[in-house]
Engineer: 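Once you've had a glance at the structure underneath, I'll fire off some questions.
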Amino acid sequence: MTNVIKVGMADLNTVTAPNRIRTTGLGSCVGIVLYDPVTRIGGMAHIMLPSSEMVRVGKINKAKYADTAIPLLLDEMTNLGAKKGLIIAKIAGGAQMFQFQSQNDMMRIGPRNVEATKETLKKLGISIVAEDTGGNFGRTIELDTLSGILYIRTVNKGVQEI
């Protein structure tokens, strides 16, 4: 029996085959999927913001930021038995959902999330093998741990496999 593990906004989780993992409502947020094709261990993070550096006080939700969620997800996967050297990444989301008159970089949350995700993955030595980012529409993504296929569902565009 296959279960679907759900990942909320500013959340992350791991999954083993044959189960699947899904997140909905990716607008400017980025869904990061890490996958070890040998052990078939997968993980998903739904990040909302690029960096935790702007948080000055209190305890942070590490799953909310690209720079903290990805290392945490990697640790959780290796604790389950995934091999760091085998892990690949697929990313989706990072849309610019609203148009602004201002050229202020702070309003480019989707593109900044994608940039921070790529930078963090590069620092960790994890290759991005596929991505579906940008645009101005929302996405739902689901990882099949048996095949490693990431299904991306978008309104008016159907389902894409990467």
Side-chain angles (χ1 to χ4, degrees), residues 1-50 52 59-95 97 109-110 113-114 116-162:
M1 184 172 154
T2 301
N3 292 316
V4 178
I5 309 300
K6 294 181 181 171
V7 174
M9 192 178 290
D11 189 17
L12 59 82
N13 210 334
T14 57
V15 66
T16 57
N19 300 310
R20 292 175 167 222
I21 192 164
R22 176 191 310 151
T23 193
T24 61
L26 290 172
S28 61
C29 298
V30 173
I32 300 136
V33 172
L34 302 182
Y35 180 67
D36 178 340
V38 174
T39 61
R40 294 183 176 171
I41 294 172
M44 182 180 289
H46 182 143
I47 63 111
M48 295 176 64
L49 294 170
S52 62
K59 188 175 179 178
I60 67 165
N61 174 0
K62 289 184 176 182
K64 187 174 183 178
Y65 307 96
D67 66 330
T68 52
I70 299 169
L72 178 59
L73 184 61
L74 181 62
D75 285 347
E76 291 192 8
M77 288 180 62
T78 56
N79 287 341
L80 282 176
K83 305 295 181 215
K84 184 182 176 203
L86 299 174
I87 292 175
I88 57 173
K90 296 181 180 182
I91 63 174
M97 298 299 287
I109 295 173
N113 281 338
V114 172
T117 296
K118 289 180 176 179
E119 182 178 314
T120 303
L121 288 167
K122 185 176 180 180
K123 283 181 185 173
L124 294 170
I126 299 172
S127 298
I128 299 172
V129 297
E131 72 175 274
D132 180 39
T133 57
N136 59 356
F137 50 87
R139 296 168 172 93
T140 293
I141 61 173
E142 183 173 306
L143 173 68
D144 178 347
T145 56
L146 288 176
S147 65
I149 294 173
L150 182 64
Y151 296 93
I152 304 168
R153 190 174 318 121
T154 56
V155 175
N156 298 328
K157 292 189 174 188
V159 178
Q160 175 187 2
E161 297 178 11
I162 64 172

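The first residue of the sequence shown is numbered 1, and numbering continues consecutively from there. Computed from a prediction, not measured in an experiment: that's the story for all the values here.
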Engineer: Between Thr120 and Thr117 (side chain of the first, backbone of the second, donor and acceptor by atom type, cut-off under 3.5 Å), is there such a pair?
Structural biologist: no

Engineer: Examine distances only and state if a side-chain atom of Lys90 and a backbone atom of Gly148 form a donor-acceptor pair shorter than 3.5 Å.
Structural biologist: yes

Engineer: What is the minimum heavy-atom distance between Ala63 and Ala10, and which atoms define it?
Structural biologist: CB-O, 3.5 Å

Engineer: So among Ile88, Leu121, Ile32, which one has a side-chain contact (heavy atoms from CB on, under 4.5 Å) with Ile126?
Structural biologist: Leu121

Engineer: For the residue pair Met48 and Tyr65, establish whether any side-chain heavy-atom pair is separated by less than 4.5 Å.
Structural biologist: no

Engineer: In chain order, what residues pass the salt bridge (Lys or Arg N to Asp or Glu O under 4.0 Å) check against Asp67, with sequence neighbours excluded?
Structural biologist: none

Engineer: Taking all heavy atoms of Leu34 and all of Ala89, pick out the closest pair and write down the distance.
Structural biologist: CD2-CB, 3.7 Å

Engineer: Knowing that exactly one of Asn3, Asp144, Thr2 qualifies, which makes a side-chain contact (heavy atoms from CB on, under 4.5 Å) with Pro18?
Structural biologist: Thr2

Engineer: What residue pairs, at least two apart or across chains, pass salt bridge (charged side-chain N to carboxylate O under 4.0 Å, His left out) with a residue in residues 117-135?
Structural biologist: Lys118-Glu131, Glu119-Lys123, Asp132-Arg139

Engineer: Would you check if the side chain of Thr14 reaches a backbone N or O of Met77 as a donor-acceptor pair within less than 3.5 Å?
Structural biologist: no

Engineer: Can you tell if the side chain of Thr133 reaches within under 4.5 Å of the side chain of Val30, non-hydrogen atoms only?
Structural biologist: no

Engineer: What do the steps show when you test Leu12 against Glu76 for side-chain contact (heavy atoms from CB on, under 4.5 Å), and what is the final call?
Structural biologist: CA-CA 10 Å; Leu12 59 82; Glu76 291 192 8; 3.6 Å; yes

Engineer: Looking at every heavy atom in both Ile5 and Asn13, which two are closest together, and how far apart are they?
Structural biologist: CG2-ND2, 3.5 Å

